[in-house]
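Here the structure is laid out as structure tokens; the discussion comes afterwards.
The shown structure was predicted, so the numbers you read here are calculated from the model rather than taken from an experiment.
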Amino acid sequence: MQKILQTPSVQVYLHEDIDQPNHSSEGMIKAALRDFVGGLPLSCKEPLPPIYWNKSDTSTYCAVAVGTVEVGVDIECRRKRPFERISKRYFHKDEITDDLEIFYDLWCQKEAYTKWKKGKIAENMREKITMPMTPLYELPPSITGYLCYT
């Protein structure tokens with residue numbers, strides 16, 4: 001487990017070499033929660049703040065975001081697809097693209113936003129995301145990822 005992003009309220013962890021996609025990730029989530037909570041200042045007079053977490057996996061990677069604010073995270077392994085056809089079907093009309101980088105940036109932002117909002121992906125794909133999104137730069141070259149938090 002590697003910490004790939006740290007802010008005062010949120011941390012993102014990357015797990016690599018996962019045996020299979022869509023694995024049971026309970027242990028990875030627990031490890032991320034344990035590390036995050038272990039770094040919080042503890043006081044006998046103050047309870048811990050609420051802790052939020054979210055996860056995403058792709059190929060053999062899993063990202064877990066943990067924070068004291070609501071979080072949504074998405075990572076995707078980039079591969080060739082009919083981007084223009086997919087973006088015409090799912091994205092806002094101003095976001096239609098055949099560019100791999102733009103497509104995955106938009107897709108990951110929309111998924112991270114939807115997870116943060118606790119919504120349904122089908123209801124949020126056509127929505128233009130206006131809130132700030134944090135790109136995850138410390139990912140392998142073939143992976144795109146974004147974090148959404150308040």
Side-chain angles (χ1 to χ4, degrees), residues 1-81 83 86-87 90-91 95 97 99-150:
M1 176 176 79
Q2 172 189 2
K3 194 181 303 180
I4 61 170
L5 181 106
Q6 181 171 353
T7 74
S9 58
V10 178
Q11 294 177 10
V12 179
Y13 302 87
L14 182 68
H15 300 270
E16 299 181 50
D17 299 323
I18 297 166
D19 293 332
Q20 55 184 320
N22 299 319
H23 56 283
S24 170
S25 52
E26 184 178 309
M28 289 179 278
I29 294 166
K30 284 181 180 179
L33 287 165
R34 195 170 32 248
D35 187 74
F36 182 78
V37 171
L40 293 176
L42 299 178
S43 166
C44 294
K45 297 177 182 177
E46 300 276 334
L48 280 176
I51 306 294
Y52 303 91
W53 64 270
N54 189 250
K55 78 149 188 104
S56 178
D57 52 33
T58 187
S59 182
T60 59
Y61 298 92
C62 177
V64 179
V66 182
T68 55
V69 295
E70 301 230 11
V71 294
V73 66
D74 188 56
I75 59 172
E76 296 289 336
C77 185
R78 292 187 305 275
R79 59 186 172 101
K80 283 277 193 195
R81 293 180 170 188
F83 301 118
I86 295 169
S87 63
Y90 293 106
F91 291 177
E95 299 172 325
T97 184
D99 182 272
L100 177 139
E101 298 293 329
I102 294 170
F103 176 85
Y104 279 106
D105 280 345
L106 288 168
W107 189 276
C108 289
Q109 288 178 39
K110 289 172 182 286
E111 283 217 22
Y113 173 75
T114 299
K115 290 176 174 185
W116 168 80
K117 191 174 166 182
K118 295 186 180 25
K120 294 181 180 174
I121 194 69
E123 296 170 0
N124 291 288
M125 289 305 278
R126 289 207 183 272
E127 189 174 332
K128 285 181 112 177
I129 308 302
T130 57
M131 73 179 298
M133 303 295 288
T134 303
L136 301 175
Y137 291 116
E138 300 296 322
L139 294 171
S142 63
I143 307 286
T144 298
Y146 278 87
L147 170 71
C148 182
Y149 69 101
T150 49

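Contacts of E111 classified as side-chain hydrogen bond (donor to acceptor under 3.5 Å, both in side chains), with partners at least two apart in sequence or in another chain: W107. With sequence neighbours excluded, the residues that form a side-chain contact (heavy atoms from CB on, under 4.5 Å) with L100 are R78, F83, Y104. Scanning for side-chain contact (heavy atoms from CB on, under 4.5 Å) contacts around N124 gives Y113, T114, K117, E127, with sequence neighbours left out. Scored by the side-chain contact (heavy atoms from CB on, under 4.5 Å) test, S142 finds C77 as partners (sequence neighbours excluded).
The OH atom of Y13 sits 10.5 Å away from atom CG of L5, with the distance rounded to the nearest 0.5 Å. If you take CD1 on I143 and CD on E138, they are separated by 14.0 Å, rounding to the nearest 0.5 Å. With values rounded to the nearest 0.5 angstrom, T7 atom OG1 is found 7.5 Å from L147 atom CG. Separation of atoms OG1 (T150) and CE (M131) is listed at 6.5 Å; rounding is to 0.5 Å. Rounded to the nearest 0.5 Å, atoms OG1 (T134) and CD (Q109) are 10.0 Å apart. Rounded to the nearest 0.5 Å, atoms CG (L106) and CD (E95) are 5.0 Å apart.
Side chain of S59 to backbone of Y61: no donor-acceptor contact under 3.5 angstrom is found. With hydrogens and angles disregarded, no donor-acceptor distance shorter than 3.5 Å links the side chain of S56 to the backbone of A63.
If you look at F103 and F91, their ring centroids are closer than 6.0 Å.
Scanning all heavy atoms of the two residues, the minimum distance from T144 to C108 falls at O-SG, 3.5 Å. The minimum heavy-atom distance linking Y149 with S9 is given by the pair CE1-OG, 4.0 Å. Listed here is the closest heavy atom pair of M133 and A112: CE-CB, 3.8 Å. Looking at every heavy atom in both residues, E16 comes nearest to Q2 through OE2-OE1, 3.4 Å.
By the neighbour-count criterion of 12 heavy atoms within 6.0 Å, atom NZ of K120 is sparsely surrounded, having that number or fewer from other residues, nucleotides or ligands. Residue K30 qualifies as open at atom NZ: its count of foreign heavy atoms under 6.0 Å is 12 or below.
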### Message
Test side chain to side chain contact (heavy atoms under 4.5 Å, CB included) on I75 and D57; report intermediate values, then the result.
### Response
CA-CA 6 Å; I75 59 172; D57 52 33; 5.5 Å; no
### Message
K55 vs C62, test: side chain to side chain contact (heavy atoms under 4.5 Å, CB included). Steps then yes/no.
### Response
CA-CA 7 Å; K55 78 149 188 104; C62 177; 4.2 Å; yes
### Task
Check the pair L136 / L14 against side chain to side chain contact (heavy atoms under 4.5 Å, CB included), numbers first and verdict last.
CA-CA 10 Å; L136 301 175; L14 182 68; over 6 Å; no
### Task
Begin with the C-alpha distance, continue with both residues' side-chain angles, and end with the deciding distance and a verdict on side chain to side chain contact (heavy atoms under 4.5 Å, CB included) for V71 and V66.
CA-CA 7 Å; V71 294; V66 182; over 6 Å; no
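Among residues at least two apart or in separate chains, salt bridge (charged side-chain N to carboxylate O under 4.0 Å, His left out) pairs with a member in residues 3-15 are K3-D35. Sorted by first and then second residue, the side chain to side chain donor-acceptor pair (under 3.5 Å) pairs involving residues 44-54 (not counting sequence neighbours) form an empty list.
Residues V10 and V69 are in side-chain contact: their nearest non-hydrogen atoms beyond the backbone lie under 4.5 Å apart.
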